[in-house]
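Here is the structure we will look at, set down as structure tokens.
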Amino acid sequence: MMGITHWLGPKRNTSDKLETFTSGIKSHGDARQPMAIKYFLVAILFVLFDVEVIFFYPYAVNFKQLGWSGFGAVLMFIAFFLCGFIYIIKKGALKWED
């Protein structure tokens, strides 16, 4: 059915239809230029804090039933989280002077 509608459908290739969509803003520069590393560091920071909240909530709700093994797992999670946080601080993602 899709092939038939494509074959039988109207085809009016005007200059307006063939023009690249620019949303009314003049484009400048190259779209393939590299992005600043600051963008990726902020994305990693968001993921770190987002995942932290998601994994701390179940522990806070069930901390009595998890026992020492749950406590060890949370300590290991905090250690991994702190490693990522220290990495981001050393890379300067929290400095906004640029």
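Values below: all heavy atoms of this structure, side chains included; hydrogens, waters and symmetry mates excluded.
Under the 4.5 Å side-chain heavy-atom criterion for grouping Ile, Leu, Val, Met, Phe, Trp and Tyr, Phe77 is connected to Trp68 within one hydrophobic cluster. Under the 4.5 Å side-chain heavy-atom criterion for Ile, Leu, Val, Met, Phe, Trp and Tyr, Phe85 and Phe80 are members of distinct hydrophobic clusters. Hydrophobic cluster membership differs between Val53 and Phe49, with clusters built from Ile, Leu, Val, Met, Phe, Trp and Tyr side chains linked at under 4.5 angstrom. In the hydrophobic clustering of ILVMFWY residues, with side-chain heavy atoms under 4.5 Å counting as a link, Phe71 and Met76 come out apart.
When the ring pair (Phe, Tyr, Trp, His ring centres under 6.0 Å) test is applied to Tyr87, no partner is found at least two apart in sequence or on another chain. Contacts of Tyr59 classified as ring pair (Phe, Tyr, Trp, His ring centres under 6.0 Å), with partners at least two apart in sequence or in another chain: none.
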Requested in this report: Let me see the working for Ile78 and Phe56 under side chain to side chain contact (heavy atoms under 4.5 Å, CB included), right down to the final yes or no.
Outcome: CA-CA 10 Å; Ile78 291 172; Phe56 274 143; 3.4 Å; yes

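In this structure, Lys11 places its NZ atom where more than 12 heavy-atom neighbours from other residues, nucleotides or ligands lie under 6.0 Å away. Within a 6.0 Å sphere centred on CD1 of Ile4, other residues, nucleotides and ligands contribute 12 heavy atoms or fewer.
Closest approach of Phe81 to Glu52, counting heavy atoms only: CZ-OE1, 3.3 Å.
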